There are 2 protein chains.
Amino acid sequence: MDGPPLPERAIRAPRGGAVRLADVAAAAEVSIALASRVLNADPAVRASAETRKRVLDAAAALGYVPNIAAKSLRIRRNGLIGLVVHDLSSPIHLELMQGARAEAAAHNSFLVLGDVDELLNDDDVFKVLVNGNRVDGLIVQGGHAEFGQRIADIARVLPTVVVNAPPRAEQDRVSSVAPDEPAATRMLTEHLLSLGHTRIGLVSGPRDSMTGRLREEGIVSALGAVGLELRPEDRVHADWSANGGRAGFIELASRWRAGTERPTALIAGNSLIGIGVLGAAARQGLSIPQDVSVAAVHDTWINEHLVPSLTTVSLPLREMGVVAVRQLLTAPDAASRIVLSEPPPVLHARDSTAPPA
Amino acid sequence: MDGPPLPERAIRAPRGGAVRLADVAAAAEVSIALASRVLNADPAVRASAETRKRVLDAAAALGYVPNIAAKSLRIRRNGLIGLVVHDLSSPIHLELMQGARAEAAAHNSFLVLGDVDELLNDDDVFKVLVNGNRVDGLIVQGGHAEFGQRIADIARVLPTVVVNAPPRAEQDRVSSVAPDEPAATRMLTEHLLSLGHTRIGLVSGPRDSMTGRLREEGIVSALGAVGLELRPEDRVHADWSANGGRAGFIELASRWRAGTERPTALIAGNSLIGIGVLGAAARQGLSIPQDVSVAAVHDTWINEHLVPSLTTVSLPLREMGVVAVRQLLTAPDAASRIVLSEPPPVLHARDSTAPPA
DNA sequence: CTGAAAGCGCTTACAG
DNA sequence: CTGAAAGCGCTTACAG
């Protein structure tokens, strides 16, 4: 009444070289359940140190690595975090990515790369990433005004943290990690003031960018503190890119009339814009910093190699990535809004800023 | 004799809003197996068009997305590809990443970010990524001489393709996708020759880089075709970075004696090196292109914004990413060695190159 | 505290 | 061709 004999080898033998928990348990002569508990450091386990060691040794000897699919299916988590960026080519966000990646790795998690546009426009990608249990949470690069509501919708089903941008009003369940923007531009402005500049212009980010607004606030407040102001005619909006910076500078300079006063220094909304400003100014025959000083937000490796090297203020981008991941891993359901004021912005004074002529 | 009643709701009801295949099958009034087959477009299915539609409609109506962990556990694949890069901050490799990411998405796969150093030095990461069924395959950024054997070892257990570098001798089971390096530098050299330069120098990559060697080959062959040569004293090695380029230029220029001949043009091993060369030359008081022309391999968005803008040749980086993913997805076990000669390199002549003075 | 058993949600031989 | 059932490899209530 035993039925046909079971094909034991097919059940027991590791397939394709994959060692299973059952193999470890057999080698250590304990039950699968106990092996699982020891390996997962279950505090309730009271097995003797000797037994525990037998399990650990067996796992090591066999090179056991848990099957992640099986584990995920059981515990309903998969150790993956979606990192959804808008523009992979920006060196600014890479530092953030590095920080996030390293922190995830430290927690045995990995980062899955997503694209903002694809996430928001491609329904398949959206479904898989958001509803498909693909990732345990999402880190979304902020600053996309049009998508505020969509991100809020995503956050309802999946822990989500927006990085590098303050959350919008409708995103009440969205966590965020943002740097202290006004502090950065305040520092830049004070640097220019200390050099003797009294009229400072701004090539800002896009008109509807909250980040851009906060950076402007820092400038206005630093100027206000010494009785100066940011004149409307000294400010233009631009894309967060070198092309934007170029266009912004050209627009700004077109307002300058020979013989009349104009700003002696410009702040760029970010260092990509700064690169564009530097290039455009040179092509218009202006010398930097003799004719105009230029300073920008965000420091990357490029800035010191530019001619002239670009003065910047660095924000804790890497830390933002770290904190975002930590937030997702430790408090996925808390809608926390973190403004990183530590470490504080750091000024990198370089050749692009000098006293006015 | 029925035992206690089963808690039906706990079994049937979707948990946490997750719709299961069983829910779709129930809604469409078919078996789970048939629902699975219809949804996976099993060609053996002969169900009436009407039945098929019922399944598809039910899935759509319920917003069904397969549980990826369950599916992975069954089919022993998880739709993830590890992208292991060395230096996330290089804009050069980002284009490759973008191509890989997009191609993966087109195949319902995602990219998991890894770090070369971590993979090779951190045993935990290695085990999880390589042995843990985390990813279906690995794309590794090439050019790490020290790790040739290690990558060969990885490829024995996991489909692996090295991108942007030719495979090393010991990597017999490793696939690779590399651009046509000599074609790129040949094009750059011919551009400089056509401007009238007859003595051309090279700030190459690291001494042991195969990529660097191939790029040098292109220069040598283009020079040889017109009876010229690359003089040993006109070549230095450098890291693949702006800092490397700076150091390389300084070393090269230190060999130049006033009143004697020196190269009138320099080729940079890549555009990061090129940025460093540009900056260092300017800081030594040399005008580019008047005193020396500079051209580099790889085009990125930065180059046109530099002052002067940097002449480059672009290689099909994005396509490399695409092909690498396609290779992994369609022929994971073939150890293919692809040299992408299509699309061919494209010259971007800019302000950093001009006829010699 | 530990083990046997159930079950996570799928796919796919297998039998009909 | 289709359905019932087994099973992928884990974790964890549950009972002992």
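Remember, predicted model here, so these are calculated numbers, not experimental data. The chains referred to below are lettered A, B, ... by the order of the sequence lines, with proteins before strands, and numbering in each begins at 1.
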According to a strict under-4.0 Å criterion, is B/Tyr64 in side-chain N/O contact with OP1 or OP2 of C/dC10? yes
Could you state the atom-to-atom distance from CG of B/Asn78 to P of D/dC8 in whole Å? 18 Å
By the definition side-chain contact (heavy atoms from CB on, under 4.5 Å), identify the one residue from A/Val55, A/Val30, A/Val24 that meets it with A/Val38. A/Val55
Nearest of C/dT11, D/dT11, C/dG9 to any side-chain atom of B/Asn67? C/dG9
Side-chain N,O (A/Ser36) to OP1/OP2 (D/dC10) below 4.0 Å: no
To the closest 0.5 Å, what do you measure between CZ (B/Arg134) and CG (A/Asn67)? 10.5 Å
What is the distance from CZ of A/Arg134 to C1' of C/dG9, rounded to the nearest Å? 15 Å
When you measure from the side-chain N and O atoms of B/Arg76 to the phosphate of D/dG9, is any distance below 4.0 Å, counting only OP1 and OP2? yes
Output the single nucleotide from C/dT11, C/dG3, D/dG9 whose closest atom is nearest the side chain of B/Ile32. C/dT11
Using a 6.0 Å cut-off, check whether atom CZ of B/Arg337 has over 12 heavy atoms from anything other than its own residue. yes
Would you tell me if any nitrogen or oxygen in the side chain of B/Asn40 comes within less than 4.0 Å of OP1 or OP2 on C/dT11? yes
Select from B/Pro43 and B/Arg74 the residue whose nearest nucleotide in DNA chain D is closer to the 5' end of that strand. B/Pro43
Among C/dT12, D/dG9, C/dT2, the one nearest B/Leu73 by side-chain distance: D/dG9
Does the pair B/Asp23/B/Arg20 count as a salt bridge with the N-to-O cut at 4.0 Å? yes
Provide, to the nearest angstrom, the distance between the CG atom belonging to A/Leu34 and the P atom belonging to D/dT11. 13 Å
Rounded to the Å, how far apart are A/Arg77 CZ and D/dT11 P? 11 Å
Under-4.0 Å side-chain N/O to phosphate OP1/OP2 contact, A/Lys71 with D/dT11: yes
Taking atom C1' in both D/dT12 and D/dG16, what distance in whole Å separates the two? 16 Å
When you measure from the side chain of A/Asp136 to the backbone of A/Ile81, do you find a donor-acceptor pair of N or O atoms at a distance under 3.5 Å? no
Give, for atom CD of B/Glu319 and atom CD1 of B/Ile338, the distance between the pair rounded to the nearest 0.5 Å. 13.0 Å
As a test of reading the structure: which of D/dG3, C/dC1, D/dT11 is closest to the side chain of B/Ser31, going by heavy atoms? D/dG3
Applying a 3.5 Å limit to both distances, which nucleotide forms a Watson-Crick or G-U wobble pair with D/dG16? C/dC1
I need the CG-P distance between B/Asp42 and C/dT12, as an integer number of Å. 8 Å
Does A/Leu21 reach a base, just sugar-phosphate, or nothing at all? Heavy atoms under 4.0 Å. base
Hey, does the side-chain of B/Arg37 have a donor or acceptor N/O within less than 3.5 Å of a partner on the base of D/dG3? yes
Tell me which of B/Ala70 and B/Ala35 sits closer to the 5' end of DNA chain D, going by the nucleotide each one is nearest to. B/Ala35
Assuming nearest nucleotide by heavy-atom distance, tell me which of B/Val65 and A/Ala33 is located more 5' along DNA chain C. A/Ala33
Interatomic distance where CZ belongs to A/Arg20 and P belongs to D/dG7 [whole Å]: 13 Å
To the nearest Å, give me how far apart CG (B/Leu39) and P (C/dT11) are. 8 Å
Taking CD1 from B/Ile75 and P from C/dG9, how many angstroms apart are they, rounded to a whole number? 17 Å
